[in-house]
Amino acid sequence: MTEQKKPEPLKGVKGMNDTFAPASGHWEWLEAQMRELLRLYGYRNVRTPIVEPTALFVRGIGEVTDIVEKEMYTFTDKLNGDELALRPEITAGLVRAVIEHNALYDGPLRMWSIGPVFRHERPQKGRYRQFHQLDVEAMGFAGPDVDAELILLSRALWQRLGLKVGEDIHLELNSLGEPAERAAHRAALIAYLEQHQELLDEDARRRLHTNPLRVLDTKNPAMQALVEAAPKLLDFLGPESLAHLNAVRAALDTAGLAYAINPRLVRGLDYYNRTVFEWVTPHLGSQATVCGGGRYDGLIAQLGGKGAPAVGFGLGMERLLLLLEALNLLPGEDAPDAYAVLPDAAALPQVLPVLEALRAAGLAVQMHAGGGSMKSQFKRANGSGARYALVFGGDELARGEVAIKPLRDEGAAQFSRALGQAAQWASELRTA
Ligand code: ATP
Ligand code: MG
């Protein structure tokens with residue numbers, strides 16, 4: 001007889017996470033908070049594919065960016081040769097969809113989407129290869145009012161989650177101006193960087209002539225002083241860009257939201273103009289940016305649509321959850337209301353309809369399955385976190401009743417309820 005070899009278990013992809021309870025409950029809670037807040041601001045859900053043509057991101061995000069140069073998961077569809085990519089961010093796909101469905105025809109749109117995105121980065125705490133973004137976008141609005149609305153919406157989210165704004169998380173703001181202003185700044189920046197060739201790292205030298213603004217986005221500590229003293233785009237803004245920035249600032253001031261102007265804030269994507277912002281936390285080490293966004297008035301036209309202004313932000317769900325965890329702001333575990341103890345498996349046909357009636361009345365009931373002694377069943381009942389054990393013992397069932405034992409309240413007396421009136425006492429247990 002040949003010996004069967006036990007197969008090696010397969011492992012998940014590096015940098016991509018599995019999430020079980022209770023952590024999955026934190027995700028559900030956070031998403032529910034976000035959905036409710038977005039509804040209050042009039043933003044509506046959009047769902048687009050996770051796979052898009054590679055060309056969409058190359059054109060949308062820009063060829064000389066970290067994402068397109070080295071982080072994107074691309075592949076050739078074996079069946080038809082199409083060049084495809086797992087989306088590294090959500091905005092480009094939304095813009096593609098809006099253009100394809102002519103969705104701006106009836107007026108501007110406020111939208112949000114949530115889901116996985118993929119970037120081939122070095123995995124570490126707060127940096128993964130599959131992560132999740134909440135993406136919020138307003139398309140068809142040109143004014144600074146909507147920039148301010150989005151920033152205030154994000155502040156409202158932090159407040160709702162219990163974060164102290166200005167302390168646990170703070171706002172940085174900048175303006176990237178318009179293409180002509182950027183061109184003038186770019187020329188000055190190239191001249192400056194050329195004078196300091198010897199201080200540039202390999203990435204910076206390569207980007208010096210292709211995308212010098214990106215050099216300012218470097219994470220290389222050795223280049224910080226150089227970048228600090230570089231010509232600032234803010235000094236090249238024309239009157240309209242300045243007026244736009246000042247209007248955003250005035251709105252934030254009125255709303256009592258403090259921010260820091262960060263002239264080096266350029267964001268990792270090429271498509272931004274005018275307003276850019278990031279929400280940064282001191283609690284997550286070098287994965288400090290929880291949320292970032294800005295205006296991208298040129299992107300819709302650049303991707304082949306009828307030109308329309310737009311502004312939005314992307315929020316890293318994992319980073320936000322890490323931050324909430326670090327500050328002890330996550331909700332407690334979601335326990336069932338009751339745990340059904342079944343001393344006699346033969347009674348199941350009599351018990352099941354009662355459990356169904358309780359659940360139909362909104363009571364969360366976890367049923368003991370798999371038999372076992374009363375002692376072991378009570379151990380499970382306690383471990384479940386339920387507030388009550390419903391004991392369907394032989395004597396009780398013979399009387400048409402169930403014994404209800406409080407599990408969390410020391411000294412509270414056990415009581416009985418009629419099996420046939422489950423709908424009535426379900427609410428008693430739910431609100432108790
Ligand atoms: P970073 O500078 O940290 O790489 P980024 O500028 O590349 O961030 P964006 O493209 O603006 O990030 O994405 C929006 C948000 O998504 C970020 O602010 C961050 O919270 C989150 N994020 C980005 N990359 C990752 C990742 N690899 N893993 C987890 N979250 C991420
Ligand atoms: Mg990045």
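This chain uses plain numbering: 1 for the first residue, then up along the sequence. Each ligand, and each atom within it, is numbered from 1 in the order the structure gives. This one's a predicted model, so the numbers in the text were calculated from it and none came from an experiment.
For ligand 1, the atoms closer than 4.0 angstrom to any heavy atom of Q133 are 13 (O), 14 (C), 15 (C), 16 (O). Close approach of ligand 1 to T289 is summarised as follows: ligand atoms under 4.0 Å from at least one heavy atom of the residue are 17 (C), 18 (O), 19 (C), 20 (O). Here is the list of ligand 1 atoms found below 4.0 Å of a heavy atom in K219: 1 (P), 2 (O), 4 (O).
Around CG of D235, the count of heavy atoms belonging to other residues, nucleotides or ligands within 6.0 Å exceeds 12. Around the CZ atom of R380, the shell of radius 6.0 Å holds no more than 12 heavy atoms that belong to other residues, nucleotides or ligands.
Ion pair D66/K219 not flagged as a salt bridge, since none of the NZ, NE, NH1 or NH2 atoms sits closer than 4.0 Å to an Asp/Glu carboxylate oxygen. For E89 and R119, the salt-bridge test fails: no basic side-chain N is under 4.0 Å from an acidic carboxylate O.
Remark: ligand 1 and R127 share an N or O pair separated by less than 3.5 Å (distance only, no angle test). In terms of N/O distances under 3.5 Å, ligand 1 is approached by V290.
Using a distance-only test at 3.5 Å, with no hydrogens or angles considered, a donor-acceptor pair links the side chain of E181 to the main chain of E178. Judged by distance alone, the side chain of R319 and the main-chain N or O of G126 form a donor-acceptor pair under 3.5 Å.
Residue-level proximity to ligand 1 for A288 is absent, since no heavy atom of it falls below 4.0 angstrom.
Of the candidates L324, L323, L321, L324 is the only one forming a side-chain contact (heavy atoms from CB on, under 4.5 Å) with L329.
Ligand 1 has no atom lying under 4.0 Å from any heavy atom of H132. The shortest separation from a heavy atom of E318 to ligand 1 is not under 4.0 Å, leaving the residue out of contact.
Counting only non-hydrogen atoms, the option in R119, M317, E89 that gets closest to atom 9 (P) of ligand 1 is R119.
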